[in-house]
Engineer: 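Take this structure first; my questions come after.
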Amino acid sequence: MIVNEDLRVQAHETMSSNPTTLASIPDLRDRLGAWYRAHARVLPWRSEPTPYRVWMSEIMLQQTRVDTVIPYFERFQETFPTVGELAAASEERVLGLWAGLGYYRRARALHAAARVVADQGAFPDTVEGLLELPGVGRYTAGAIASIAFGIPAPVLDGNVARVLSRLLALEQPVDKPAGQRLLWGVAEDLVNPEDPSAHNQAMMELGALVCVPRSPRCPSCPLREDCRARAQDQVERYPIKGPRRRPKKVRAVAGLLLDAQRRMLLARRPEDGLLGGLWEVPGGDWPERLSAPAALEQVWRERVGVSIEVGERLGEVEHVFTHRKLRLVVHGIEVTEGEPVARGYPELRWVDHASVSSLPLSRLTQKVLAAVGWSDV
DNA sequence: CAGGCGTGGCC
DNA sequence: TGGCCAAGCCT
């Protein structure tokens with residue numbers, strides 16, 4: 001009987017996940033559209049949804065909250081009113097304006113894509129063409145295609161996945177390939193060909209304002225009568241997700257070296273990897289078995305190529321990355337032998353107090369500078 | 001395909 | 001407070 005029961009559950013799931021199911025619910029799209037017209041937030045990129053503005057907003061919004069993005073979007077649009085001006089800027093300038101927004105690979109992708117578009121003379125106007133741009137994946141291509149060009153392409157982001165997962169009471173983990181495939185199919189079938197821009201934004205807006213992860217506002221939901229999770233009174237059980245990795249604790253040291261004019265030595269991190277391309281106070285890993293001074297001596301020997309004497313402990317910074325909790329200790333140092341040469345770093349630079357802020361700095365480095373009294377951050 | 005990649009806000 | 005989350009992409 002257990003086997004039969006399982007098969008029935010499976011069959012039931014398959015039914016409820018059938019792409020035709022949601023799309024065939026009477027007026028579902030219309031109710032969603034009416035709700036969106038009444039409740040859509042006024043956002044900078046919505047007032048004038050040109051391909052350039054939509055593209056830039058979508059890159060910035062990847063894994064990033066609307067409130068965080070707005071000032072960055074405004075600043076970028078004021079600085080670079082056209083994609084041509086963005087393409088003509090230096091990468092360091094773009095990275096500098098991006099500083100603090102996180103996921104810095106996006107900044108380089110933004111710049112690279114701007115140069116592609118400037119070369120081609122215009123944005124691609126198909127999903128396939130958009131997918132060729134660096135930093136543009138399936139979600140972003142669908143968003144630009146639908147919002148900027150009115151193409152009936154689906155989008156599937158965290159919001160849409162949550163909304164659909166609850167509507168269907170989907171037992172599949174939404175963050176696994178199988179669940180993603182299923183949800184892309186549902187989203188594709190559900191897109192409203194009458195107004196794909198409003199439809200896609202409505203799905204995301206519903207997830208952002210009503211169908212939120214915790215304490216969803218079901219009484220305000222235009223789709224509440226169609227929601228299987230709500231019918232089961234188990235809305236917060238969905239979306240089901242796979243296990244998360246625990247953050248690991250890591251330690252690091254950094255050394256503050258000043259010259260006779262009280263300039264500070266900074267280093268640019270490698271393009272790839274953590275905080276790629278950003279500038280920092282030279283430092284690195286602090287192994288368990290070493291004291292902070294010993295670790296600092298080793299790091300500076302390997303990455304800056306000099307022997308040092310470790311001086312006063314100037315401060316300590318705690319910082320959280322994705323799945324990583326960092327404790328970083330900063331010491332003042334003196335060079336006892338050799339001249340600083342970039343080894344583990346692509347570039348070193350002496351920077352005075354006034355020009356520090358013109359470099360692309362991560363929040364972490366901003367904290368470090370604040371801890372040693374070099375900035376007001 | 002699982003894992004790397006920032007930051008800030010929430011409870 | 002630590003865990004979870006947010007308009008993903010890339011390798």
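Below, chain A is the first sequence line, B the second, and so on; all start at residue 1.
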Engineer: Rounded off to whole Å, could you give me the NZ-to-C1' distance for the A/Lys241 and C/dC4 pair?
Structural biologist: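 These atoms are roughly 9 Å apart.
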Engineer: Going by atom types alone, do A/Arg301 and A/Gln298 pair a side-chain donor with an acceptor below 3.5 Å?
Structural biologist: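 No, because no side-chain N or O of A/Arg301 sits under 3.5 Å from a partner of the opposite role on A/Gln298.
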Engineer: What's the closest nucleotide to the side chain of A/Gln62 if the choices are B/dG6, B/dT7, C/dC9?
Structural biologist: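 My answer, after comparing the listed nucleotides, is C/dC9.
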Engineer: How about A/Arg106 and A/Thr64: does a side-chain donor come under 3.5 Å of a side-chain acceptor?
Structural biologist: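 Per modelled atom types, A/Arg106 and A/Thr64 side chains form a pair under 3.5 Å.
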Engineer: Between A/Pro247 and A/Arg162, which residue's closest nucleotide on DNA chain C lies nearer the 5′ terminus?
Structural biologist: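 Residue closer to the 5' terminus by nearest nucleotide: A/Pro247.
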Engineer: Looking at A/His319, does any N or O in its side chain come under 4.0 Å of the phosphate oxygens OP1/OP2 on B/dT7?
Structural biologist: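 For B/dT7, OP1/OP2 do have a side-chain N/O of A/His319 under 4.0 Å.
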Engineer: Consider the side chain of A/Thr64, meaning its heavy atoms from C-beta on, and name the nucleotide among C/dC9, B/dG6, B/dC11 that approaches it most closely.
Structural biologist: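 Of the options given, the side chain of A/Thr64 lies nearest B/dG6.
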Engineer: Quick one: on DNA chain B, does A/Lys248 or A/Leu364 contact a more 5' nucleotide (nearest heavy atom)?
Structural biologist: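 That would be A/Lys248.
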Engineer: Would you mind reading off the distance between A/Arg214 atom CZ and C/dC4 atom P, rounded to a whole angstrom?
Structural biologist: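 Going from A/Arg214 (CZ) to C/dC4 (P), I get 10 Å.
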Engineer: Run the salt-bridge test on A/Glu316 and A/Arg327 with the 4.0 Å N-O cut-off and return the result as yes or no.
Structural biologist: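 A/Arg327 and A/Glu316: salt-bridged.
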Engineer: Hey, does A/Gly207 reach any base, or is it just sugar-phosphate, or nothing, if we go heavy atoms under 4.0 Å?
Structural biologist: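 Touches nothing.
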Engineer: Answer with base, sugar-phosphate or nothing: what part of the nucleic acid does A/Arg41 contact at a heavy-atom distance below 4.0 Å?
Structural biologist: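 Result for A/Arg41 = base.
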Engineer: Can you identify which nucleotide, out of C/dG2, C/dC9, B/dC5, has its nearest atom closest to the A/Lys325 side chain?
Structural biologist: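 My answer, after comparing the listed nucleotides, is C/dG2.
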Engineer: For residues 118-145 of chain A, which side-chain donor-acceptor pairs fall under 3.5 Å, sequence neighbours excluded?
Structural biologist:
unit_1, atom_1, unit_2, atom_2, d
A/Thr126, OG1, A/Gly129, N, 2.9
A/Tyr139, OH, A/Glu58, OE1, 2.8
A/Thr140, OG1, A/Gln62, NE2, 3.0

Engineer: Distance check, P atoms only: C/dT1 and B/dG6, in whole angstrom units.
Structural biologist: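 25 Å, rounded to whole Å.
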Engineer: Compare the minimum distances between each of C/dC5, B/dT7, B/dG4 and the side chain of A/Arg245, then state the nucleotide with the smallest one.
Structural biologist: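 It is B/dG4.
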Engineer: Among the nucleotides B/dG6, B/dC10, B/dG4, which one has an atom lying closest to any side-chain atom of A/Tyr104?
Structural biologist: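 Within the option list, the nearest is B/dG6.
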Engineer: For A/Tyr103 and B/dC5, what is the distance between atoms OH and C1' respectively, to the nearest whole Å?
Structural biologist: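 So the two atoms are 5 Å apart, to the nearest Å.
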Engineer: Quiz question: going by heavy-atom distance under 3.5 Å, is there a donor-acceptor pair between the base of C/dC4 and the side chain of A/Arg244?
Structural biologist: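 For A/Arg244, whose side chain was compared with the base of C/dC4, there is no donor-acceptor pair (under 3.5 Å).
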Engineer: If you find the nucleotide of DNA chain C closest to A/Leu133 and the one closest to A/Leu61, which residue's nucleotide is nearer the 5' end?
Structural biologist: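 Looking at the nearest nucleotide for each, A/Leu61 comes out on the 5' side.
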Engineer: Give a yes/no answer on whether the side chain of A/Thr140 brings an N or O atom under 4.0 Å of OP1 or OP2 in C/dC9.
Structural biologist: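 For C/dC9, OP1/OP2 do have a side-chain N/O of A/Thr140 under 4.0 Å.
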Engineer: If you look at every strand shown and take non-hydrogen atoms under 4.0 Å, does A/Val160 touch a base, only sugar-phosphate, or nothing?
Structural biologist: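 If one applies the 4.0 Å heavy-atom cut-off, A/Val160 turns out to touch nothing in the nucleic acid.
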Engineer: Does the side chain of A/Arg237 come under 3.5 Å of the side chain of A/Gln232 through a donor N or O and an acceptor N or O?
Structural biologist: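 Absent: no donor and acceptor within the cut-off.
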Engineer: Please indicate whether A/Glu337 has more than 12 foreign heavy atoms, meaning atoms of other residues, nucleotides or ligands, lying under 6.0 Å from its CD.
Structural biologist: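 Atom CD in A/Glu337 is not packed in, count stays at 12 or less.
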Engineer: Remember a base hit wins even if backbone is also touched, and classify A/Leu275 as base, sugar-phosphate or nothing at under 4.0 Å, heavy atoms.
Structural biologist: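 If one applies the 4.0 Å heavy-atom cut-off, A/Leu275 turns out to touch the sugar-phosphate alone, with no base involved.
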Engineer: Would you say the base of C/dC5 and the side-chain of A/Arg65 have a donor-acceptor pair closer than 3.5 Å?
Structural biologist: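 Checked by distance alone, the answer is yes.
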Engineer: Quick test of your reading of the model: are A/Arg46 and A/Glu205 salt-bridged, counting only N-O distances below 4.0 Å?
Structural biologist: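 Here A/Arg46 pairs with A/Glu205 in a salt bridge, since their nearest N and O are under 4.0 Å apart.
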Engineer: Looking for any heavy atom pair under 4.0 Å, which part of the strands does A/Arg46 touch: base, sugar-phosphate only, or nothing?
Structural biologist: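 Base: the residue A/Arg46, judged by heavy atoms under 4.0 Å, touches a nucleobase.
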Engineer: Contact class for A/Val136 (heavy atom, under 4.0 Å): base, sugar-phosphate, or nothing?
Structural biologist: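 Sugar-phosphate: the residue A/Val136, judged by heavy atoms under 4.0 Å, touches backbone atoms but no base.
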Engineer: Heavy atoms only, 4.0 Å cut-off, all strands: where does A/Trp98 land among base, sugar-phosphate and nothing?
Structural biologist: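 Nothing, no nucleic acid heavy atom in range.
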Engineer: With a 4.0 Å cutoff (strictly under), does any side-chain N or O of A/Arg363 reach OP1 or OP2 of B/dG8?
Structural biologist: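 For B/dG8, OP1 or OP2 has a side-chain N or O of A/Arg363 closer than 4.0 Å.
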Engineer: When you get a sec, tell me which of B/dC1, C/dC10, B/dC10 is the closest nucleotide to the side chain of A/Arg105?
Structural biologist: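 It is C/dC10.
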Engineer: If I pick the P atom on B/dC1 and the same atom on C/dA6, what distance separates them, to the nearest angstrom?
Structural biologist: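 Looking at atom P only, C/dA6 and B/dC1 are 24 Å apart.
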Engineer: Starting from P on C/dT1, measure out to CZ on A/Arg327 and report it in whole angstrom.
Structural biologist: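 Atom-to-atom, A/Arg327 to C/dT1, this comes out as 16 Å.
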Engineer: With heavy atoms under 4.0 Å as the rule, sort A/Ile144 into base, sugar-phosphate or nothing.
Structural biologist: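 Here A/Ile144 touches no strand at all.
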